[in-house]
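I have placed the structure first, in the form of structure tokens, so that the comments after it can refer back to it.
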Protein chains: 2
Amino acid sequence: MSRVPALPPPEAAAAATGACPALDDFDRHLLAFVQQDCTLSAEHMGAAIGLSASAVQRRLKRLRAQGVIQAQVAVLDPARVGRGVTLLAGLQIDRDNYPVLAALRPRLAQDAAVQQAWYVTGQNDLMVVVQVANMAAYDAWCAALMQALPQIGRITTQVVIESLKRGLVVPVEAPV
Amino acid sequence: MSRVPALPPPEAAAAATGACPALDDFDRHLLAFVQQDCTLSAEHMGAAIGLSASAVQRRLKRLRAQGVIQAQVAVLDPARVGRGVTLLAGLQIDRDNYPVLAALRPRLAQDAAVQQAWYVTGQNDLMVVVQVANMAAYDAWCAALMQALPQIGRITTQVVIESLKRGLVVPVEAPV
DNA sequence: GCTGAAATGTCAATTAC
DNA sequence: GTAATTGACATTTCAGC
């Protein structure tokens, strides 16, 4: 009759309500896996943590639907596609021109050279990671940005000599 | 005998040699696709750019083998896994202690809170993107780092108020 | 002690590689 | 052609009455 005793779902019930994304240990293990390699088969991951392939698929589907998994993407080597130069641009906005931040948002989003952008506290108002082919391209990028948005008072540049760590991996530990 | 006329590989032959990764328009289109969503089927992408599914799979396999595609990963929402606070830490190393950079490299690589790290020019020697649960955790992170490596003269912190753009997408345009 | 919801595992069928 | 994903169904566990 019974072949395998169904394993007890700890707080899985609460997670399925949809509202509160309470992740259990299975979820955390799966998230750790797919953050490193999302091409692993459900069977492979399930065998590693003690779940069937179907259960793994269901959980990943739920995590995608809940927005915990935002996307599954390929990471390229920038140098191999002709964008080997990375820079960190610190943007300072004049005190009286803070509304320009609203205009900056769509511009940064559409700008292919902009890889990441944060609105921050401190010396700069915005920090932008820019990926270009060479310094001339960066110079042109700065010129175009400052011409389009004169409210930008200053751009402080930090040239990346070497990228020591690159990724969007977020640690998924137990909530203690 | 022959059923389907072998499709003309433009500079694919040169690329397949392994040495020179000359990307053609098909490759660039595929890279643009998979950077946004690597779960798209080969058939879907092939139909969009005029290639068979098999051809798409061959090209993607080659791009992975060449290292153009470094990885395929899931991107998580940091807030949904309890790491909603992002900071940019600027590390300054004392002039006489530059060898500490060698010790920093493995430490940053193993530190789960460190998402990205660049060795840069300018005011700071290193810029580090740190992802933590709250400011207390960041304080502890700084304390641990400075205790482990006293050669770090100063850590300048920029707190991320809002992430305007997040990703590792690299534009893949024609070489021109 | 019984009933209902939720999650798992197994199997078959579809799809993609 | 092979492997993996998807959907359907029976079974088990837990919460509530």
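Chain naming here is simple, since letters A, B, ... match the order of the sequence lines and numbering starts at 1 in each.
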**Asked** Between C/dA16 atom P and B/D37 atom CG, what is the distance in whole Å?
**Response** 14 Å
Is there any protein nitrogen or oxygen under 3.5 Å from a nitrogen or oxygen in nucleotides 4-6 of chain D, and what are the pairs?
| residue | atom | partner | partner atom | Å |
| --- | --- | --- | --- | --- |
| D/dT5 | OP2 | A/A42 | N | 3.2 |
| D/dT5 | OP2 | A/Q57 | NE2 | 3.3 |
| D/dT5 | O5' | A/Q57 | NE2 | 2.9 |
| D/dT6 | OP2 | A/Q57 | OE1 | 2.9 |

**Complete:** Taken to the nearest whole Å, CG/A/D27 to C1'/C/dA6 is 14 Å
**Value in whole Å for how far the P atom of C/dC17 lies from NE2 of B/H44** = 12 Å
**Message:** If only side-chain N and O atoms count, and only distance matters, is there a donor-acceptor pair under 3.5 Å linking B/T86 with B/Q131?
**Reply:** yes
**Item:** Distance-only side-chain donor-acceptor flag, A/Y119 / B/S163, under 3.5 Å
**Value:** no
**Request:** Establish, from distance only, whether the side-chain atoms of A/R64 and A/Q70 form a donor-acceptor pair under 3.5 Å.
**Result:** no
**Asked** So, are A/D27 and A/R62 salt-bridged, with charged N and O less than 4.0 Å apart?
**Response** yes
**Spacing of B/Q57 atom CD and B/M45 atom CE [to the nearest 0.5 Å]** = 8.5 Å
**Message:** At less than 4.0 Å, is any side-chain N or O atom of A/R59 found next to OP1 or OP2 of C/dA7? Yes or no.
**Reply:** no
**Under-4.0 Å salt bridge between B/R59 and B/D24** = yes
**Message:** Between the base of D/dG7 and the side chain of A/R58, is there a donor and acceptor pair under 3.5 angstrom?
**Reply:** no
